[in-house]
Amino acid sequence: MKVQSTTTQQDDHFLISNYDYKSTNIEKNGDKYIAKPQITNFKFKTDTRIPKLGVMLVGWGGNNGTTLTGGILANKFNITWNSKRGTHQPNFYGSLTQSSVIKIGTCNTEEVFVPFKDVLPMVNPCDIVFGGWDISSMNLADAMNRAQVVEYDLQQKLRPYLEKLVPLPSIYYPDFIAANQGDRADNVIPGNNKLEHLNIIRKNIADFKQQNNLDKVILLWTANTERFCVEDPNIHGTAEKLLKSIESSHPEISASTIFACAACLEGCSFINGSPQNTIVPGVIELAEKAGVFVAGDDFKTGQTKFKTCLVEYLVGAGIKPKAIISYNHLGNNDGKNLSQESCFKSKERSKKTCVDDILESNKVLYPTEEELNIDHTIVIKYCPETGDSKKAMDEYIAEIFLGGRQTFAVYNVCEDSLLAAPLIMDLLLLCELFERIQFQKDASEYQRFDTVLSWLSYLMKAPKSESGITTINSLSRQRAMLENLVKVCAGLTIDDNLRLEVRYG
Ligand code: NAI
Ligand code: DG6
C-alpha cells in the first residue's frame, strides 16, 4: 500500500504524516455544556527500518511461553500436522496484527481492507529471536508436552526445534506465587540478595542481545500471577527508592518488579501479562529515564474481551446491566496457581474493574455512585481434568424498559493459551512499532509516546494508563484507537463511518 498525499512524506528511513486532529473542548456553564470544536496539528514520524528483535519471556516454559514459541516456529517453517479432523496448516488466527484487517478507503463504492500488519512496516513475527527464564528447568519440547495445549502430532514435529531451547534459571520468591508451584522450581538463581538477582538478570539480557546480534530486546512477564506487593511510596515510589529497596532485599519487592527494573536498566521495554502490580511508580520512572515503554496489566483474551463488548453494547443501547456473575473453571498450571487466595485476588481485581468506565460514562442509567456498584462476582475454580480448556460461564442480568429483565447466559470454551499466544505476539510487535514512532504537536520538538503505553489497552484486562489519563475498557474504542493511530501515522484518513462518499459520490 502506498499513500499519495501532500500531507505525507517518505524517504529511505522515515514516513512523516501531518494530521489535523479534531476534538471538542467542553466548558461547563452551570448545568449547561458549551461545546467548542478545535483543531490541533500533529506530525507523526515513523522510522520505517525494521530492527532485528529479540524477546525474552519470563515464564518461558509455561503454557503461554511454549505455545507462543512453538506456534511461531510452526509458521516459520510451515509445519503441517494431522489430527482426527485432517491436516492442519499453521496460521496466526487470534492475532490482531496478522489476521485482522483495516479499512483503508473505498474503490468506486467498494470498501477496501488490508491486513493490519501492512499499514505500517512491522517486524515479521517469524523473525523474532526468543529467549527467557523459567523456575522450571524443562526444555521447551518437554514443557510443551506438560502444557497439553498443542496437538500431539504438532508437538512431535516441533520437538527437534524446541528441545534445544532451555530457559535460563530465574528468580523465585515463593511468597509471591502459590505454594503449590514449589514442586516445579528446580531452576532457581540461588541466594536471597535481590540486588545480585537484578544484576544477573541484567547480564542475561545483555548477553542475549549480544549473542544474537539484536537491535533491540523486549521483556514480557508471562510467569505465574503473583500476589499484589504491598505498595508503599517509601519502597516503590521513585526510581531511587526502588533501587534502594532492591539493594536492601526488601520483602515487598516481587520477582516481576525485579525483571521490570532489569529491563528498564538494560534499555528494554517491559510488558506485564499478569494482573499483579509489577509496574510500580519507581519502575515507571526508570523506564522514563531509559526512554523505554512499560505496558500492562493482564492479557485480555476471551471472557473479558467478550465482557467489555457485551457491556458496551448494553450500555450503548440504553440498557442497564445490574449484575455480572462470572464463573471460570480450568485445569492448567495457571488455574492451580490461582487456587491460592492471594493470587486469585490479583486476578479477581483485573477481571472485575474491566467494565467500570463503561458504566460510569452513562449517567442516565447510573446517576449515583451507589447504582454503579453493580453485583459483579468473579469465581475461579481449579479442576485439573479440564486442562488448558477453560470453561467460562457468565450470566449478565440487565434492566430493560418498564422494569423488565434481560438475561444473557454465555458459555465460552477454549484453550486459554491458544488465545493468549497470538495476543502476546501482538503486544510485542506493537510495542516494537511504537518505539519507532515519534510525534510533534503544533510544531514543537518531536517526542515519543508516554512511558506507560496505554495504546495497547485492547490487549489488556486492566490497562495501565499514563497518570491523569482515564482508562478505556470498551473493546471497540480500544480497537478504534489502535487502528486510527496506525492509519494516521501512515497518512490515511480515519473512518468516521458516515460513508458519505458511498452515499453521495
Ligand atoms: P503457566 O503456569 O503455564 O506458566 C507460567 C510459567 O511461569 C511456569 O512455567 C512457571 O514455572 C513460571 N514461573 C513462575 N514464577 C516464575 C519466575 N519467578 N520466573 C520465571 N518463571 C516463573 O501459566 P500460563 O497459562 O502460561 O499463564 C501465564 C500468565 O499469564 C499467568 O499469570 C496468567 O494468569 C496470565 N494470563 C494467561 C492467560 C491465558 O489465556 N493463558 C490470559 C491472561 C493472563
Ligand atoms: C481463569 O480465569 C484464569 C485466568 O488466567 C484467565 O483464564 C485468563 O486471565 C484469561 O481471562 P479472560 O477473561 O481474558 O478470558
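One-based numbering, in listed order, for ligands and for the atoms of each.
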Any atoms of ligand 1 less than 4.0 Å from a non-hydrogen atom of [X]? List them with their elements.
X	answer
K347	33 (C), 34 (O), 35 (C), 36 (N), 43 (C), 44 (C)
G61	9 (O)
K461	43 (C)
N63	1 (P), 3 (O), 4 (O), 25 (O), 26 (O)
A420	39 (C), 40 (O), 41 (N)

When you compare ligand 1 with [X], is there at least one nitrogen or oxygen pair between them that comes in under 3.5 angstrom?
X	result
S274	yes
G62	yes
N333	yes
I171	yes

Indicate yes or no: does an N/O atom of [X] lie under 3.5 Å from an N/O atom of ligand 2?
X	answer
K305	no
K300	no
G302	yes

Please work out which of F299, Y173, Y172 has its closest non-hydrogen atom nearest to atom 43 (C) of ligand 1.
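Closest candidate by heavy-atom distance is F299.
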
Note: heavy atom closest to atom 33 (C) of ligand 1, options D334, I424, L423, D297, belongs to D334

Within less than 4.0 angstrom of ligand 2, does F299 place any heavy atom?
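Heavy atoms of F299 do come under 4.0 Å of ligand 2.
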
I380 heavy atoms, cut-off 4.0 Å: which ligand 2 atoms fall inside?
1 (C), 2 (O)

Those atoms of ligand 2 less than 4.0 Å from some heavy atom in Q303:
12 (P), 13 (O), 15 (O)

What do we get for S170 next to ligand 1 when only non-hydrogen atoms under 4.0 Å count, side chain, backbone, both or neither?
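Looking at S170 and ligand 1, just side chain atoms fall under 4.0 Å.
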
Determine whether the side chain, the backbone, both or neither of T304 has a heavy atom under 4.0 Å from any heavy atom of ligand 2.
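Both backbone and side chain.
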
